[in-house]
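What follows is a set of notes on a single structure, which appears directly below.
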Amino acid sequence: MTKQHLYLVDGSGYIFRAYFSLPKLTDPQGTPVGAVHGFTAMLWKLIEELNAAEAPTHLAVILDAGAKTFRNDIYPAYKANRPPAPEDLVPQFPLIRDAVRAFSVPCIDQPGVEADDIIASYALAALAEGFNVTVVSSDKDLMQLVQPGLDIFDPMKNIRIGRDGVIEKFAVPPEQVGEVLALMGDTSDNIPGVRGIGPKGAAELILEFGTVDNLLANLDAVKRPKLRDTLAEHAENARMSRILVSLKDDLPLAVPLADLTLKDPPHGPLGAFLTKHGFRSLMAKLGREMEADAAGPEPAPDVAFTHKDYETVTTSERLAWWVAEARTRGLVAVDTETDSLDATRAALVGVSLALEPGLACYIPVAHKKGEGLLAEAVEQLDIPTVIAALNPLFADAAVLKVGQNLKYDLIVLRRHGVAVLAPYDDTMLLSYALDAGRGGHGMDELSAKHLGHTPIPFKAVTGTAKAAITFDFVPLDRATEYAAEDADVTLRLLGVLRDRLWREGGTRIYETVDRPLVAVIADMEIAGIKVDRAALARLSAAYEVEIAALETQIFELAGGPFSIGSPKQLGEILFEKMGLKTGKKSSKTGAWTTDVTELERLAGDGVEIAAKVLDWRQNSKLKSTYTDALQAQINLATGRVHTSFALAATSTGRLSSNDPNLQNIPIRTEMGRKIRYAFVAEPGHTILAADYNQIELRLVAAIADEPALKAVYAAGGDVHALTAQEVFGEVTRDTRARAKTINFSIIYGISAFGLAQRLGIDRGEAARYIELYFSRFPGIRRYMAETIQGAKDCGYVSTLFGRKTHLSMINSKNAGERQFAERAAVNAPIQGTSADIIKRAMARMPAALADAGLTGTRMLLQVHDELVFEVADAEVEAASKVIKTVMEAANLPAAPLAVPLAVEIGTGASWGDAH
DNA sequence: CATATCACG
DNA sequence: GACGTACGTGATATGA
């Protein structure tokens, strides 16, 4: 093994050099980052150069803590002539610490002492341990330290300074540099020294007398009288200066030497840091580096999946080892096993960790054996022990945590007292950023696609259907094979997907939108929303009465009982038994269509049973899907309903909501809307609903760059009225309603047939409207054509923020499939940009509320263009302002729009009242 | 497990 | 000239 070599970087010098020598720069948030950028680039270059030439084993960056130091106690004027740090440099200091950490390099400072003292202390400690040491600094004070095994690297001049170098510069050896410095003084540090004595004179004296003390004790021996008098006069200054320039080299080491081990910069945190501050050239550099890594001469051989090698962790010692190893490596894949798919109810059963391909473990915490009431716990660590061990790991800012659908694990772990903090990555979301529209993003699918490996199916360990057991009853050996493999797969997926993300793009949407949303949405799901169970029960009862009455009437009209909920039976009754009209369409299966348009047509013709069935359907839909189901979904522990938002379910970037779906709670009919009044605020709180006004149409205007539409939004006008005027020549209640349908048809990818159907006109007339529309708004036609062509060329379309939606059928030979893909291509950038915007608002919301001191305000739900909050009554006014501001500016600064975004806010005791 | 229907944006 | 008919979701009941 080669000798350990510690590099100590004097960070302060880098910072000031970066600040003064480089142009000003601000990041996307508006923070000045010129020095941060310069510092980051210089540190990176240094690490590269050191790696190329010297092979350091240990590295730390040392910074000044900024406060007063012990030298000020000795000499209040110490450094008093220094101007304060420039105003725009001050906010950059913490960011520079972030930069250092992003490289996974320890960043050390200590109040009361200077960076030089820390450097001296670490240097001597390392030498005592047998290390070689190099101090990276241009500060002459540090030259005192040079000795066998310790040299200085001056990054400004790019030279190494050893004993000879010091003698060349000061004419004295390193051990006497302090003496020389004391006589010389230092104007920049306000160290007085002895007036009139410069480097030459000081060196001469020290060469003759050895030390300042000896010189002052033997002033008689100084030959030149003038000089002798000066020395006598400033003897006190000289003594004090000698103390000021000496380095304190026996400080306790805040971070042990062993923790300064140099690692490869972890790409995840570094990428996140660079992206956050918009350091594009450095991002490109990281991308190239990762590409080179990926294509390097020694690609890591694929490690086969050998499940028997996974470890079952059942002792504190082994647990401690895995945690320590994970922290040393700075990367850990994590997966939790539970007894339920519902993260807000699930009990933790075990945790698996993976550190490198093939190196993974499973930590059981709640496994049982036996059956039912006779079940007894198996031998395993208890939950408090495991939680205490995992918390420091998952909260460590120097460790990248990676999960597959990490939101689930975040929620389960949080509910058990474990916080998982940034930095983290989610392989599901990486896949989503890369491959939206190209299939699912579940682990088994990703593993098969990217690793060529089919993981053990969940059902293979728990059994199926009736015979299924929960994971806590899976024997430990099988549980370990399954669970550790999931963490292993996740870790391997990270490698594959992260590399692709850099090469193919998508880092912006992943790192600034989807990834930060994981923690935000986890909080929303944990919060849940209060539902008034009694109100729902009353509605259920009312619907039930109505359903029963309608059923009787329907059976009477039909001439006998049948299953009204069966489209097949209903079709037969209506169109065969009753021989109603021309039983219109029939679908693929050959069954009669009985959907709402068909029944409305019949009802319009005076068919009473059709109207009754429509009414019956509405009542039974509301009862079964909403009032009954929602009561069953109330979490007994919280008294609230906790939906799950799927982050990677849609092809366009939208969220979806399930178990229960809270994004399709009725509102359009008065009867259904009653259900919204059952979504209530806690006592002392108010429900606040904030929704974007016509966001998709506004985006069409902006993206298609259509002057007339942009103008009407800029002026706060009525687009539907404008369209009515342009297409129909007049604005009436009727033409405005039809114009509204036309406007929406644009968003969905217009077709004359579809528009004709919706407007109840013939196809030719619809085609004329469309043509008229396009001639009035030519930008729209151009946008549609360009978008479709772009999709055909690339296979995908993109939102304003770079989110891709792939359209595999865009060049299909099947006209139906192809046209379907073309309409989706037109729609996806609009729907997707809207999704990006509200997600950006959501990602920013918690900090914005916290910054405004609004601790009684929580974000609960998202419904595509609407955010729902629960707000302490006293905060309603302030929260409204913050929410509106954040939402209306959510496109900025990344994508300025030529139309304003408008957010409307409503408040009330319930969701129904807030609209 | 697929189909039809209908709730939402 | 034919194709099939507005984009994106999730829950429920029915029936094979």
Side-chain angles (χ1 to χ4, degrees), chain A residues 436-437 465 562-571 585-599 613-614 616-630 632-633 643-646 649-669 671-673 675-676 691-692 694-697 700 741-759 763 766 770 784 797 805 807 812-832 834-835 838 861-866:
Chain A
F562 68 102
S563 183
I564 306 171
S566 166
K568 183 168 175 280
Q569 290 183 35
L570 178 64
K585 298 181 289 184
S586 85
S587 65
K588 302 159 197 168
T589 56
W592 302 105
T593 296
T594 67
D595 67 13
V596 70
T597 45
E598 190 65 14
L599 292 183
V613 169
L614 279 171
W616 181 93
R617 279 208 182 137
Q618 188 179 16
N619 277 281
S620 56
K621 174 85 175 181
L622 295 176
K623 180 170 186 289
S624 68
T625 307
Y626 298 104
T627 56
D628 286 353
L630 236 40
Q633 285 279 2
T643 185
S644 174
F645 288 101
T650 71
S651 60
T652 55
R654 272 192 178 178
L655 303 180
S656 76
S657 159
N658 58 72
D659 298 306
N661 183 353
L662 295 185
Q663 290 182 322
N664 70 346
I665 300 302
I667 191 168
R668 292 172 185 171
T669 68
M671 191 161 85
R673 185 185 274 249
I675 293 167
R676 291 212 170 204
D691 57 290
Y692 284 106
Q694 294 184 357
I695 186 167
E696 292 195 357
L697 282 174
V700 170
T741 299
I742 294 173
N743 282 333
F744 277 104
S745 74
I746 298 296
I747 292 176
Y748 299 137
I750 199 163
S751 92
F753 184 95
L755 184 62
Q757 191 153 293
R758 266 158 220 271
L759 290 179
R763 222 167 130 173
I770 292 169
M784 291 177 67
V797 292
T805 296
L807 300 147
S812 171
K813 293 218 171 22
N814 178 318
E817 283 177 352
R818 188 176 63 247
Q819 287 164 353
F820 183 74
E822 288 172 359
R823 291 193 297 273
V826 169
N827 176 255
I830 302 162
Q831 188 182 115
S834 168
I838 196 166
L861 300 177
Q862 187 250 43
V863 192
H864 310 308
D865 64 356
E866 171 187 11

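First the proteins, then the strands, lettered A, B, ... as listed; each starts at 1. All values derive from a computational prediction rather than experimental measurement.
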Go through the steps to decide whether A:Arg617 and A:Glu598 satisfy the test salt bridge (charged side-chain N to carboxylate O under 4.0 Å, His left out), and finish with yes or no.
-> CA-CA 13 Å; A:Arg617 279 208 182 137; A:Glu598 190 65 14; over 6 Å; no
With heavy atoms under 4.0 Å as the rule, sort A:Thr741 into base, sugar-phosphate or nothing.
-> base
Of all the choices, C:dG8, C:dT5, C:dC7, which nucleotide is nearest to the side chain of A:Tyr748 once you look at every atom?
-> C:dC7
Which listed nucleotide (C:dT5, B:dC8, C:dC7) is nearest to the side chain of A:Arg763?
-> C:dT5
Contact string for nucleotides 10-16 of chain C, one letter per nucleotide 5' to 3', B = base within protein heavy-atom range under 4.0 Å, S = sugar-phosphate only, - = neither, reads BBSSSSS
Winner on side-chain proximity to A:Ala815, out of C:dC3, C:dT9, B:dA7, is C:dC3
Remember a base hit wins even if backbone is also touched, and classify A:Leu755 as base, sugar-phosphate or nothing at under 4.0 Å, heavy atoms.
-> nothing
Report yes or no: is there a donor-acceptor pair, N or O only, under 3.5 Å between the side chain of A:Arg668 and the base of B:dG9?
-> yes
Compare the minimum distances between each of B:dA7, C:dT9, B:dC6 and the side chain of A:Arg617, then state the nucleotide with the smallest one.
-> B:dC6
Length of the line joining A:Leu630:CG and B:dA7:P, which is rounded to integer Å = 16 Å
Can a donor-acceptor pair under 3.5 Å be found between the side-chain atoms of A:Arg758 and the base atoms of C:dA6?
-> yes
Nearest-Å distance for atom pair CH2/C1', residues A:Trp616 and B:dT5 | 11 Å
Any chance you could encode DNA chain C as dot-bracket? Rule is Watson-Crick or G-U wobble with both distances under 3.5 Å; [ ] for pairs crossing earlier ones, | for another strand.
-> ......|||||||||.
Residue whose nearest DNA chain C nucleotide is more 5′ - A:Ser751 or A:Ala824 = A:Ser751
